[in-house]
Structure formats: C-alpha cells, structure tokens
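First comes the structure, then the notes that go with it.
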Amino acid sequence: MLFGATSDASPHPEIEILVNPRLDRLQSYPFQKLTTLLEGTPPKAGVTPIPLYIGEPKHPTPEFIKRVLTENLAGFASYPATVGTPELREAIAGWIQRRYGVKHIDPVTQVIPVNGSREALFAIAQAVVDTTRTLHPIVVCPNPFYQIYEGAAILANAAPAYLNNVSQRDYKFDWDSLPRMLWERVQLVYVCSPGNPTGHVMPMEEWKRLFELSDEYGFVIASDECYSEIYFDEENPPLGSLEAAQKLGRDGFPRLIAFSSLSKRSNVPGMRSGFVAGDAAILKQYLLYRTYQGCAMSPPIQAASIAAWADEAHVVENRRLYREKFDTALEILKPVLDVEKPDAAFYLWARTPMADPEFTRRLHQSQAVTVLPGSYLGREAHGINPGDRRVRIALVASTEECAEAARRIRDFASELKKR
Ligand SMILES: Cc1ncc(COP(=O)(O)O)c(C=O)c1O
C-alpha cells in the first residue's frame, strides 16, 4: 500500500498492533461526551445557537499583537531553541516581577516559554513521575478539573487521586482527606487557581498547607494559573503560587512550578503561548525532556508574546468586558438559578434542578444555548461526583450574546419551576 493511503483493513491482520495500553484508560474528552449527549436533539429551528460550553475566549485579539507577529515572519526561516529567546524569557520574568511582586526570578534558569499551558501541564507529569522510586506513584488532581491532568498522570504510569472541591468548603482542597499512606506515594499535585470550573482562588492558608505537605512528602506542585488575569477587582488580583511561596520565604520556589498563558489574558488561544516558572532544578530536567519532545516556540510567536507580556492596557479592558458580562448574566440568572459570582475566571458554576446532562440537553433543545454538564468535568471520588447537578457556563461570547443566553436560560429555568 502507498504511504499515506488509508484502509481499515490491516495488510497483516496476524500482527498485533503495538500501542501503549494506557491509551485505553483515557476517558473521552468532555466535549466528545457532550456531542454524544446532544446527538439527535437539534435545537429548535430559527433560534441562533449560543455556545457557552467551551472556555475559548472570544474577545478580539489586540491589533498590536497581530502586527508584531506579521512584522516577524522572517523568523520562520530558523529553528527556535526550546528554551526560547533571552528577550522572551526576560519579558516573562519582568511580568512575573510586576504582577506578583516576586523579587528574584532568574530568566535563564527559572523560566521556560511553552506552547500554551496545556502541552506543558501534560509534559510535566512525563518529566517528573519516577516509577523507580515507588512502583505505584500517585498524581493528585482537583475534582472537578481540567482533564489534561488525569491523562497526563495515566500516561506517565501514575494513578490519579482526586481531591474534591465542593461549595460546602468554599471549593478549598481538603488536603487531609488523603490518607498518609497515599501521600507517601504522591509525586505530583496539580492545582488550578483560579479554578476551572469553580473559579476558586486559593488563599494563603491553602498554599501554606500544600507547601508543608510538599516539604514532608517531596512531591512537585504543578500550579495551573492560566486564568490568573481574569478577575473582578483591579485592586485585588488573585494570589499566585510564586507570590505565595515568596511571601512564605520559600526562596528558589522549591518543588513548585507555575503554569501561565496568554490565551485568556490576551485573547490569543490560537497563538499557543505561555510559560512555566519556578524551581530551577526541576526546570533543568524539564527542559531536557522538552528538548526531546521538540516543542520549541515559533520565532514570530515569541516576538508577539514579548509584546503581549509587556502590555497591560488590553488586559484591563479584557477584564472590564468580563465584569460587564458577569454583572449582566448574574442579574438575569440569580432569581431563577442557584448561581454565585466566582472569585475569578470566566465561568459560572451553576447548580441545576435536575441531572446536569438532562438539563444541558433540554436547554440546548429548547433554547439553543449549549453549556457543559458539570459531571463531565468531575470523577466519582469520596462517594460523590462534585460536578453532579452543576453546569459550567463559559461567559466567553459578547456581552449581548451572554445577556441573550442568560435570558434564554432564565426562561428555561422558570418553565421548569412551573412544572
Ligand atoms: C484550567 C486550564 N488550564 C489550562 C488550559 C490550557 O490553556 P492554554 O493551553 O491555551 O494555555 C485551559 C484551557 O482552557 C484551562 O481551562
């Protein structure tokens, strides 16, 4: 058969295809589950669909970022280094210093640009997990959570352990719900602050306990902060992990890696640009891993990223738009739905009066508004799926569309109440 030609029938059916058996343990992605849920239930005709299920920013990309990108197209002519240009690492280190008041961050050893935080969050588990230290390593994930953590753990040959983030505890981790004998096997802990989907921002006390546990058991902390710039009070930005570490006197950020991104901050999800920063010893090995993985950032994207990290005006405006949308949507929804303003990020994590997939399906069918069932983002752990009877509503569309979606959800929820 010609290279590139495809056929369902293997030319050698007697030969078993070699694939990593752990791939079979990956769950289908929440959006895939949503597609299956909505199959055969199209929204009623004549109503414009409003998709609010995906966390893809829809505000326009700032013109200056596009301009810098196109001015640097000549960069395509050379291979980029995995570690990024010194200029980009300095721009990122400068941003970290300004944003978090972090005094000492070395752009050479404590910062690496990455192609969006997603690939980096996945790769960290592959670089960190050590099956020679313990036969059955554990990777801790929040619950509900961004699904990459779980897949990364499984493919690194570790078992995910889920710690529930529930409203009764203000979405804070219950670190002590994991028994000591399991903590001893933990090698990596993912946290997400501001959280997706809950919007919870980890306060200092939560960080303090996590750092204590890391000191005791030696695990690495992967702190996903890709929503750090979407918040409501200009005077009160979310506490970051590097900032918390510095305030607690943890010089050199031992066993801590922060993951950040331009995707939501600067409305460039397609640009694939972010960074990791923290413990230099871990980053050194992580860089080695990344060199082999081959995920260097394209030079024009590096140039555009430098411009983006250096500018805050567009980020302030971005926040204004989100604030407007939250105020509008919450005013419409609160009378009919159990929903609160989150600490930060751009999601509403609303309670549903019936099973969340059923709510989602019926809302989609009757109002052409698509949200994501909360249970798809969670796993059954400690006796519950903390996403049950919740939906995630991403306020990513324009203010007008979000307001229209909120009105349709209100009509749908009021109709349910009448029955
Ligand atoms: C919690 C969380 N982490 C990371 C990402 C990845 O973002 P990016 O790869 O665009 O930086 C997302 C994207 O939606 C997310 O929700």
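First listed ligand is number 1; within each ligand, the first listed atom is number 1. If you read the sequence from its start, that first residue is 1, and numbering goes on from there. Hydrogens, waters and symmetry mates play no part in the numbers below; they use all other heavy atoms, side chains included.
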With heavy-atom distances below 4.0 Å as the criterion, list the atoms of ligand 1 near [X].
X    : value
C226 : 2 (C), 3 (N), 4 (C), 5 (C), 12 (C), 15 (C)
Y227 : 1 (C), 2 (C), 14 (O), 15 (C), 16 (O)
G116 : 9 (O), 11 (O)
C192 : 1 (C)

- Just go through K264, E225, E56 and tell me whose heavy atom is the nearest to atom 13 (C) of ligand 1. K264
- Task: Counting heavy atoms only, name the option from Y347, F346, Y146 that's nearest to atom 6 (C) of ligand 1.
- Result: Y146
Among all protein heavy atoms in this structure, tell me which lies nearest to [atom], with the distance rounded to 0.1 Å.
atom                    : result
atom 9 (O) of ligand 1  : R272 NH2, 2.7 Å
atom 10 (O) of ligand 1 : S263 OG, 2.6 Å
atom 1 (C) of ligand 1  : D224 OD2, 3.2 Å
atom 7 (O) of ligand 1  : S117 OG, 3.3 Å

- Query: With ring centroids as reference points, do Y162 and H382 lie under 6.0 angstrom apart?
  - Reply: no
[X] charged N/C atom sitting above [Y] aromatic ring, 6.0 Å / 45°:
X    : Y    : result
R319 : Y231 : yes
K264 : F346 : no
R290 : Y286 : yes

If we ignore angles and hydrogens, is there a donor and acceptor under 3.5 Å between the side chains of [X] and [Y]?
X    : Y    : answer
E225 : S241 : yes
Y149 : D224 : yes
N165 : N143 : no
Y29  : Y376 : no

- Item | L121, portion touching ligand 1 at heavy-atom distance under 4.0 Å |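 Side chain only.
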